[in-house]
Amino acid sequence: MKVPYAYLAHQFADSERIFQRVRELTETGDYTLGRPVQEFESMLAVRLGIVHAIGVGSGTDGLKLALKAAGVGPGDEVVTAANTFIATIGAINDLGARPVLVDCDDSFCLDPDKLEDVLTSRTKAIVPVHLTGNMADMPRIMAIAGAHGLPVIEDACQALMSSLDGRFAGCWGLAGVFSLHPLKFINIWGDGGVIVTNDGRIGSDLRLLRNHGLADRDTVVTLGYNSRLDSLQAVVAAHVFQTADEIVRQRNQNAKFYDTELSGLDGIRVPPRRSHVTHTFVTYQLFARDRQRLLEHCLANGVDCKVHYPVPVYLQPALRCLGYEAGRFPVADRHARTVITLPVHEYLTEEQLAYTVEVIRRFYAQGAHDASCPLH
Ligand SMILES: *Cc1c(COP(=O)(O)O)cnc(C)c1O
């Protein structure tokens, strides 16, 4: 049996409805910041219960624009997680600011216990990352940020529709950023992103920043960027977003099945689950003893597992200039060694889920693994 990780071809096998709307778009010529973008923005804002949603060119651009609107610039320090995807750090660096990293905990998100240690007089913003579709501990992070008068920009690129105590990711800080990249939760046919905020000034600044700083056709009020969500992509986004609740439900059902079936297995540790958090399982990770051999075993048996990520971002060659030595962030290091990502998407069948469990059970039952490999 094959258990594929990729599902995009499946998801868009019947796209007649989207093509029809794209055809309508070509009849209007409304290609930049037209009606489809406005419609998707208001659809998202209403669903998340937030005032402004601003479509931008990508999640990375969204982070950059939101940080700029929050006043981040050259010489500032911006605190984020040591295990994030490179884009978070790239966005901070692009503004001339210095990324300052904090270790994660087993939620895969920034550990609030370690946050205060790194704040300095140069800290200008905090960027918690809701990695894997899980939620960072926003009540605590907001309290710490508030005590220091710092704005919080949430990197919710992997966490559209995730929530904590019923409040959505992206809706806690001054602004939140989502990615619509094909590998994210609401996926389009290329790059795109959305910034959300309840702050009127930030909202209007962001609408300017994404469109050359143009207040109208002839007036440039600030120096901005060309970073608009494509109208065509907004059509795709609106179409997929209609199914968001169903995707959350199905992925949670699949995750629950894995959690239940694998939690008792010697060699596997399921990350802690929190009942007040709705995780969206953009990726489903487990901690696994002898991870590398398990990965090879799964691949050899047709189960397309991945590792997010085998090298913690702080150890990437491009970031040596930040001066962090190997071992500086032990939890991020442990995750890089032990984490494995299972296919969890909404197109998996019950047979495929059961087979995945069976393949993993067999690996540990056969004693094929190195039992001395640490898991904690
Ligand atoms: C994907 C991602 C981004 C960047 O989003 P793009 O739309 O690909 O630019 C930023 N941060 C995190 C955590 C991501 O996973």
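We count ligands from 1, going down the list as the structure has it; atoms in each ligand are counted the same way.
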Can you classify the ring geometry of Phe363 versus His297 as parallel (below 30°), tilted (30 to 60°) or perpendicular (above 60°)? tilted
Name the option, out of Val313, Thr80, Thr60, that contains the heavy atom nearest to atom 4 (C) of ligand 1. Thr60
Please indicate whether any nitrogen or oxygen in Gly59 is less than 3.5 Å from any nitrogen or oxygen in ligand 1. yes
Where does the angle between the aromatic ring planes of Tyr258 and Tyr284 fall among parallel (under 30°), tilted (30 to 60°) and perpendicular (over 60°)? tilted
With heavy-atom distances below 4.0 Å as the criterion, list the atoms of ligand 1 near Val129. 13 (C)
Here the atoms of ligand 1 under 4.0 Å from any heavy atom belonging to Thr84 are 13 (C)
Between His345 and Tyr347, how do the two ring planes meet: parallel, tilted or perpendicular, split at 30° and 60°? tilted
Row check, Phe178 ring normal vs Lys184 NZ/CZ: under 6.0 Å, within 45°: no
Among all protein heavy atoms, pick the one closest to atom 14 (C) of ligand 1 and tell me residue, atom and distance. Lys184 NZ, 3.1 Å
Ring-ring centroid check Phe108 His335, cutoff 6.0 Å: yes
Does Asp61, backbone or side chain, put an N or O under 3.5 Å from an N or O of ligand 1? no
Return the CE to OG distance between Met135 and Ser163, rounded to the nearest 0.5 Å. 7.0 Å
For Asp259 and Arg273: C-alpha separation, side-chain torsions, deciding distance, then whether salt bridge (Lys or Arg N to Asp or Glu O under 4.0 Å) applies. CA-CA 9 Å; Asp259 280 6; Arg273 307 292 182 208; 2.8 Å; yes
Is the side chain of Ser231 donor-acceptor paired with the backbone N or O of Asp30 at a distance under 3.5 Å, no angle test? yes
Determine, considering heavy atoms only, which of Thr283, Asp155, Leu180, Leu63 sits nearest to atom 12 (C) of ligand 1. Asp155
Could you list which atoms of ligand 1 come closer than 4.0 Å to a heavy atom of Thr88? 11 (N)
State the atoms of ligand 1, each with its element, that fall below the 4.0 Å cut-off from a heavy-atom position in Ala87. 3 (C), 4 (C), 10 (C)
When you compare ligand 1 with Ser179, is there at least one nitrogen or oxygen pair between them that comes in under 3.5 angstrom? yes
Please write down residue, atom name and distance for the protein heavy atom closest to atom 15 (O) of ligand 1. Gln158 NE2, 2.8 Å
